[in-house]
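Following: one structure in structure tokens, then a few remarks.
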Amino acid sequence: MRRSSYKLTVRGYELDSFGHVNNSVYLQYAETALWNFFKVHGLLATIVDEGLFPVIMESTQRYIHELRMLDEVRIDTEVTCSGGIVSYKHNIINKNTGLVSCRVTGKLAYVNKDRMICDIPEKVRLCLEGDEDDDNQ
């Protein structure tokens, strides 16, 4: 399993009519953190070189505590792999309160240009099977 963290600040245009983060924005936060994970672990080039595209197959959100405008947020990400599937878990944390606001879990597969599911590239698999932490943003 590999980990990384990503930090952001809630922006006003992400709020719903009740003044807290819209539910769909949590998915955007999670996807941003996932792309950041691939970046900080040096995996983007591998994916591009192999002509693969990560495709989310499943995603589940559990909303726990609201986020409001200008809240400082940390998204802690854990990624593992098994077989041809990559599993991820994001804890979206309000840094001001220390509370988890939302948990997002899911699975993705790599597909080629013909939209066929492919094996996880060896470099990606070896990275995900490691256990080092990264605190990059």
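Side chains included, hydrogens not; waters and symmetry mates left out as well; all remaining heavy atoms used.
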Note to self: For a side chain to side chain donor-acceptor pair (under 3.5 Å) check, start with the C-alpha distance between Tyr110 and Glu50, then their side-chain angles and the critical distance, and finish with the verdict.
What the structure shows: CA-CA 10 Å; Tyr110 290 99; Glu50 301 219 9; over 6 Å; no

Check: What do the steps show when you test His90 against Leu34 for side chain to side chain contact (heavy atoms under 4.5 Å, CB included), and what is the final call?
Finding: CA-CA 9 Å; His90 305 285; Leu34 189 60; 4.1 Å; yes

Notebook entry, point to check: Do Leu15 and Val10 pass the side chain to side chain contact (heavy atoms under 4.5 Å, CB included) test, and can you show the C-alpha distance, the side-chain angles, and the key distance before you say yes or no?
Noted result: CA-CA 8 Å; Leu15 305 179; Val10 174; 3.9 Å; yes

Check: What do the steps show when you test Ile93 against Val100 for side chain to side chain contact (heavy atoms under 4.5 Å, CB included), and what is the final call?
Finding: CA-CA 4 Å; Ile93 300 164; Val100 174; 4.1 Å; yes

Check: Could you go step by step and tell me if Glu31 and Leu27 meet the side chain to side chain contact (heavy atoms under 4.5 Å, CB included) rule?
Finding: CA-CA 6 Å; Glu31 187 145 346; Leu27 292 174; over 6 Å; no

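Contact of the Tyr88 side chain with the Ile56 side chain is registered, since non-hydrogen atoms from C-beta on lie closer than 4.5 Å. Taking the side chain as every heavy atom from C-beta outward, Leu67 and Val73 approach each other to under 4.5 Å. Between Trp35 and Leu44 the shortest side-chain heavy-atom distance falls below 4.5 Å. Residues Val124 and Cys81 are not in side-chain contact: their nearest non-hydrogen atoms beyond the backbone lie 4.5 Å or more apart. A heavy-atom distance below 4.5 Å is not found between the side chains of His65 and Asn94. Two residues are said to be in side-chain contact when any heavy atoms from C-beta on lie closer than 4.5 Å; Thr80 and Leu128 fail this criterion.
A distance of 8.5 Å separates CZ in Phe53 from CG in Asn112, rounded to the nearest 0.5 Å. Residue Ile117 holds its CD1 atom at 10.5 Å from CG of Leu108, rounded to the nearest 0.5 Å. To the nearest 0.5 Å, atom CG of residue Asn22 and atom CD of residue Gln28 are 8.5 Å apart. The CD1 atom of Ile75 sits 9.0 Å away from the CG atom of Asn36 when rounded to the nearest 0.5 Å. Of the inter-residue distances, the one linking Glu78 atom CD with Arg3 atom CZ reads 5.0 Å to the nearest 0.5 angstrom. Remark: Arg68 CZ to Phe18 CZ distance equals 10.5 Å, nearest 0.5 Å.
Hydrophobic cluster membership differs between Ile120 and Val111, with clusters built from Ile, Leu, Val, Met, Phe, Trp and Tyr side chains linked at under 4.5 angstrom. Tyr13 and Val21 fall into different hydrophobic clusters, defined by Ile, Leu, Val, Met, Phe, Trp and Tyr side-chain heavy atoms under 4.5 Å apart, directly or through other members. When hydrophobic clusters are built by joining Ile, Leu, Val, Met, Phe, Trp and Tyr residues whose side-chain heavy atoms come closer than 4.5 Å, directly or via intermediates, Met69 is grouped together with Tyr29.
Formation of a donor-acceptor pair under 3.5 Å by the Asp114 side chain with backbone atoms of Met116 is not found in this model. At least one donor-acceptor pair under 3.5 Å links the side chain of Arg2 to the backbone N or O of Cys127.
Heavy-atom minimum distance, Thr105 versus Lys89: CG2-CG, 3.9 Å. Nearest heavy-atom pair across Gly42 and Lys123 is O-NZ, 3.6 Å. Scanning both residues, Asp71 and Asn96, for their nearest heavy atoms gives OD1-ND2, 3.2 Å. The two residues Leu43 and Phe37 make their nearest non-hydrogen contact at CD1-CE2, 4.4 Å. Across every non-hydrogen atom of Lys107 and Ile85, the tightest pair is CB-CG2, 3.7 Å. Across Pro54 and Ile47, no two heavy atoms sit closer than the pair CD-CG2, 4.2 Å.
No more than 12 heavy-atom neighbours from other residues, nucleotides or ligands sit within 6.0 angstrom of CG on Asp119. In the displayed structure, Arg62 atom CZ is contacted under 6.0 Å by at most 12 heavy atoms of other residues, nucleotides or ligands. Counting non-hydrogen atoms of other residues, nucleotides and ligands closer than 6.0 Å to CE of Met57 gives a total above 12.
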